[in-house]
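Sequential numbering from 1 along the given sequence is applied to the chain's residues. Each ligand, and each atom within it, is numbered from 1 in the order the structure gives. Predicted, not measured: the structure shown is a model, and the values here were computed from it.
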Amino acid sequence: MKLHSHRRSFLRNLTGVSLATLGGNVTGAEVEPAGAGYINPRKVLLYESTRKEFREAIEGGALQAVILPTGSTEQHNEHLAMINDTASVTLVAQKAALLLYPKVMVATPVPVGISPHWMDRKGTLTLKRETFLAVVFEICESLQKHGVKNILVLNGHGGNVAPLRESVPEFARKLGIRIVTNSYWDAFTPEIVKKYIVSGKAPGHAAEFETSFAMAAFPERVHWEGVDYEKIKPHLKIKDPTSALQEEEFAREAKLATSAKGEAMIDIAVKWTAGRLRQMIETPAAK
Ligand SMILES: [Zn+2]
């Protein structure tokens with residue numbers, strides 16, 4: 001079927017993208033046969049590049065911007081992996097960088113975010129606001145020292161949004177380079193959400209959108225097996241009743257997820273992110 005082959009090529013395009021690559025299961029070996037315009041996905045990942053490759057890219061003037069993905073390691077209800085946000089944002093970043101090759105690279109993602117609000121759900125890891133921001137700043141500072149002049153801090157976790165918005169302009173001033181921040185879902189206008197997401201919520205949390213994204217991008221991180229939300233609900237002991245109700249709603253909405261919705265939304269996020277970068281690269285920095 002057409003849809004089937006489309007889906008397979010979509011997944012093939014993601015080879016080497018997932019954060020699993022950080023775990024050593026690397027990338028670059030299992031690439032597509034060279035085709036028109038094909039680029040080895042490794043080439044846009046700073047953390048998979050050699051120092052020779054990075055040095056030549058920056059000193060030769062080809063590399064004009066770096067994306068720093070920020071995510072989380074946090075509970076994603078009963079069925080999605082904790083790394084979901086980090087893996088999602090890294091994927092969007094990498095695909096956007098590939099569209100702009102060789103102008104953009106992706107720095108090592110910040111894999112833990114600000115998630116104190118999920119600490120009554122098992123498995124969540126959280127950083128204090130100041131710790132998280134210090135990590136982001138020092139990565140930007142490292143990049144600045146190597147000559148990077150444009151950084152997009154691309155976020156994939158709700159709890160990081162406000163702290164990044166408040167602090168990134170100051171980081172830029174301190175370092176004397178351009179640094180901007182967006183969440184990849186800034187790509188989704190109300191019309192786009194309405195068109196693809198029945199529940200009307202994107203990103204939401206481990207609900208229809210995030211589950212669709214994961215089904216499209218990394219189905220190996222979606223685990224419905226043995227999940228019975230109604231049965232487990234009384235054992236969860238969620239302190240905040242509003243939060244408990246919302247989670248229940250999200251768990252129901254997650255059943256509306258499809259990989260086709262995920263693919264469509266990923267495509268929109270990738271193109272939007274590439275546009276954001278293009279805008280950055282093409283606009284001379286203000287003095
Ligand atoms: Zn999430």
Side-chain angles (χ1 to χ4, degrees), residues 14 17-20 22 68-95 109-127 129 132 136 153-165 181-188 192-193 196-197 199-224 227 229 236 238 240 243-259 261-266 268-270 272-273:
L14 303 180
V17 165
S18 81
L19 199 74
L22 275 181
L68 172 57
T70 56
S72 73
T73 300
E74 64 178 20
Q75 68 90 16
H76 271 78
N77 214 308
E78 298 287 289
H79 66 288
L80 292 183
M82 302 270 178
I83 201 66
N84 189 75
D85 295 345
T86 310
S88 300
V89 69
T90 305
L91 180 141
V92 171
Q94 183 173 14
K95 286 180 78 72
V110 179
V112 181
I114 306 173
S115 308
H117 50 293
W118 297 138
M119 283 303 287
D120 65 354
R121 275 81 153 182
K122 293 291 175 206
T124 301
L125 308 180
T126 188
L127 294 176
R129 178 191 161 104
F132 169 78
V136 172
V153 180
L154 188 66
N155 175 56
H157 163 59
N160 301 339
V161 174
L164 285 172
R165 273 203 203 127
T181 185
N182 281 104
S183 296
Y184 73 82
W185 55 78
D186 293 344
F188 307 145
I192 291 168
V193 176
Y196 293 103
I197 302 295
S199 62
K201 290 169 211 154
H205 184 73
E208 183 185 0
F209 166 71
E210 285 194 326
T211 305
S212 297
F213 189 127
M215 285 166 76
F218 26 73
E220 71 279 12
R221 293 194 174 102
V222 184
H223 301 283
W224 284 115
V227 171
Y229 192 83
L236 294 172
I238 297 168
D240 174 4
S243 177
L245 265 177
Q246 192 193 41
E247 170 172 305
E248 208 181 319
E249 199 174 291
F250 281 160
R252 265 197 311 274
E253 290 168 2
K255 304 279 185 186
L256 301 167
T258 68
S259 62
K261 290 176 195 176
E263 285 180 24
M265 297 291 269
I266 290 168
I268 291 164
V270 168
W272 184 89
T273 303

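- The Zn ion (ligand 1) lies at the vertex of an angle of 90° between the OD1 atom of D85 and the OE2 atom of E210 (rounded to 10°).
- No side-chain heavy atom of R121 sits under 4.5 Å from any side-chain heavy atom of L236.
- Side-chain contact, D85 with H76: a donor N or O sits under 3.5 Å from an acceptor N or O.
- Metal site remark for the Zn ion (ligand 1): E74 contributes no N, O or S atom at a distance under 2.8 Å.
- At least one side-chain heavy atom of W118 sits less than 4.5 Å from a side-chain heavy atom of S243.
- Because the distance cut-off is set at 2.8 Å, H157 fails to qualify as a neighbour of the Zn ion (ligand 1), as none of its N, O or S atoms comes that close.
- Side-chain contact between K201 and F209: absent, with no pair of heavy atoms (C-beta onward) separated by less than 4.5 Å.
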